[in-house]
Q: 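For reference, the structure I am asking about is given below.
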Amino acid sequence: MERLERRLGLLAALPIGLLLLVSFLMPMLVIAAFAVMPQKVFELAHLPDFSSFSVIWEQGYYKSLLRSLGLAFLTTAILFVVCWPLAYGMAKVFGRFTLVITVLVVLLLFVSENIRLFGWNLTLMKGGLLEGHLRAWTGLSFETPLYTWPAIVFGMAYVYFPFMLFPLAQGIALVPDDARLAAMDMGAGPWRILFEIEMPLAAPGIMVGCLLTFVLSAGAVAEAKLLGGRSVVVLTDDVESAFTYGQNWPLGSALSLMLIVIVALIALVPISRIDLDAIMGRRK
């Protein structure tokens, strides 16, 4: 019976598997093929020479890669600290009010990311809504915080807030109240309960939230453009420039492949430890 169920499951997954093969894997193979082509060619009918990877090192493109990964790590850490108390409240404290918070956060996703970021640009720019009103009412002024790396981190934290909040709330909901109460009865303090009871038991949700936030932040484009300008160059800027202005598809493919491989390697450890059955409530 179990073998029959597995066969039926494989047959049911076959259509979506083929769709993923065509729509996801094939473009990745094309990018990988272009990454080993000679510079500034637009077809694959050439002998591979791997020159794009030497260009990445010689022209310092690796610096923008490190900058992107650093900003992604920082954004993930900030969102974890910010979202944990709210996620805890949604899972354990707020009760029916959790639905209101969920609806309010989801409403953010109904508005285009570019529109929301451009709204912050108009608010924080020199002479924008915030500085303009402050100067008109008080005569005071301040320099715009835009076009710096903190502005980019703020934009990514603002945009990817729901992707950290909801997995955290789901993970915290897996923590039994009895375990927390038993630890309190045995004399454990709040911090010990947090680090030895709640966070280990909520680890699947923590890993999902951190993974989603990190992957999306590492490939962020609009945040760096609208809030960072050209003062902070991240890898996605270099990829776009290589494919468009530079007309160098092999270089753009090599940069993309480098980011994909590094992010995939970083994500392999948490993915291997995620218990999706526990997250979905299907404990064995």
Q: Looking only at non-hydrogen atoms, find the nearest pair between Lys40 and Asn248 and report the distance.
A: N-OD1, 3.2 Å
Q: Going only through I, L, V, M, F, W and Y residues with side-chain contacts under 4.5 Å, is there a path from Val36 to Tyr62?
A: no
Q: Could you grab the distance from atom CD of Glu143 to atom CG of Leu124, nearest 0.5 Å is fine?
A: 13.0 Å
Q: Are any of the side-chain heavy atoms of Phe161 and Leu86 separated by less than 4.5 Å?
A: yes
Q: Which heavy atom in Ala91 sits nearest to a heavy atom in Ala173, and how many Å separate them?
A: CB-N, 3.9 Å
Q: Test side chain to side chain contact (heavy atoms under 4.5 Å, CB included) on Leu201 and Leu174; report intermediate values, then the result.
A: CA-CA 7 Å; Leu201 293 178; Leu174 298 175; over 6 Å; no
Q: Is there a side-chain contact between Ser256 and Phe243 (heavy atoms, below 4.5 Å)?
A: yes
Q: Taking Ser217 for its side chain and Ala72 for its backbone only, find out whether a donor-acceptor pair lies under 3.5 Å.
A: no
Q: Which atom pair, heavy atoms only, marks the closest approach of Pro167 to Pro162?
A: CD-O, 4.0 Å
Q: Ser68 side chain to Val234 main-chain N or O, any donor-acceptor pair under 3.5 Å?
A: no
Q: If the plane angle is over 60° it's perpendicular, under 30° parallel, otherwise tilted; pick one for Phe214 and Phe73.
A: tilted
Q: Any link between Trp191 and Met199 through a network of hydrophobic side chains (Ile, Leu, Val, Met, Phe, Trp, Tyr) touching at under 4.5 Å?
A: yes
Q: Measuring from Phe118:CZ to Met125:CE, what's the distance to the nearest 0.5 Å?
A: 7.5 Å
Q: Quick one: CD1 on Ile31 to CG on Leu29, what's the gap to the nearest 0.5 Å?
A: 9.5 Å
Q: Please examine the side chains of Trp249 and Met37, heavy atoms only from C-beta on, and report whether any two atoms are closer than 4.5 Å.
A: no
Q: Are any non-hydrogen side-chain atoms of Leu255 and Ile56 less than 4.5 angstrom apart?
A: yes
Q: Locate the shortest heavy-atom distance separating Glu223 from Ile152; write the atom from each residue and the value.
A: O-CG1, 4.1 Å
Q: If only atom types and distance count, is the side chain of Asn121 paired as donor or acceptor with the main-chain N or O of Leu227 below 3.5 Å?
A: no
Q: Quick check on Lys126: does its NZ atom have over 12 non-hydrogen neighbours (other residues, nucleotides or ligands) under 6.0 Å away?
A: yes
Q: Quick one: does Glu131's side chain have a donor or acceptor within less than 3.5 Å of a partner on Gly127's backbone?
A: yes
Q: Do you see a donor-acceptor pair shorter than 3.5 Å between the side chains of Ser51 and Asp49?
A: yes
Q: Can you check whether Leu194 reaches Trp84 side chain to side chain, under 4.5 Å on heavy atoms?
A: yes
Q: In Å, rounded to the nearest 0.5 Å, how long is the span from CE of Met184 to CZ of Arg192?
A: 14.0 Å
Q: Is it true that atom OH of Tyr245 has more than 12 heavy atoms of other residues, nucleotides or ligands lying nearer than 6.0 Å?
A: no
Q: Does Ser253 reach the main-chain N or O of Ala32 with its side chain, forming a donor-acceptor pair under 3.5 Å?
A: no
Q: Does some side-chain heavy atom of Thr213 sit less than 4.5 Å from a side-chain heavy atom of Phe80?
A: no
Q: Calculate, to the nearest 0.5 Å, the distance between atoms OG and CD belonging to Ser241 and Gln247 respectively.
A: 11.5 Å
Q: With clusters defined by side-chain heavy atoms of hydrophobic residues (ILVMFWY) lying less than 4.5 Å apart, directly or transitively, does Met90 cluster with Val103?
A: yes
Q: Do you reckon Leu104 sits in the same ILVMFWY cluster as Leu168, going by side-chain contacts under 4.5 Å, direct or chained?
A: yes
Q: Using 30° and 60° as the class boundaries, would you call the ring planes of Phe97 and Phe94 parallel, tilted or perpendicular?
A: perpendicular
Q: Is the backbone N or O of Glu198 less than 3.5 Å from a side-chain atom of Arg180, with the two atoms forming a donor-acceptor pair by type?
A: no
Q: Which distance, rounded to the nearest 0.5 Å, do you find between the CG of Leu117 and the OH of Tyr158?
A: 7.5 Å
Q: Is the closest side-chain heavy-atom distance between Phe142 and Leu130 below 4.5 Å?
A: yes
Q: For side chain to side chain contact (heavy atoms under 4.5 Å, CB included), just list the numbers for Val208 and Leu211, CA-CA rounded to whole Å, side-chain angles, deciding distance to a tenth of an Å, and then say yes or no.
A: CA-CA 5 Å; Val208 170; Leu211 181 61; 5.8 Å; no
Q: Verify the cluster assignment for Phe42 and Leu251: are they in a single hydrophobic cluster under the rule of side-chain heavy atoms below 4.5 Å apart?
A: yes
Q: State, with a plain yes or no, whether a side-chain heavy atom of Met207 is found less than 4.5 Å away from one of Pro204.
A: no
Q: I need the minimum non-hydrogen distance between Pro38 and Pro250, along with the two atoms involved.
A: O-CG, 3.0 Å
Q: Strictly distance-based, threshold 3.5 Å: is any side-chain N or O of Thr138 a donor or acceptor partner for the main-chain N or O of Arg135?
A: no
Q: When the ring centroid of Trp57 is compared with that of Phe53, is the distance short of 6.0 Å?
A: no
Q: Where is the tightest heavy-atom contact between Leu79 and Met164, given as atom of each residue plus distance?
A: O-CG, 3.8 Å
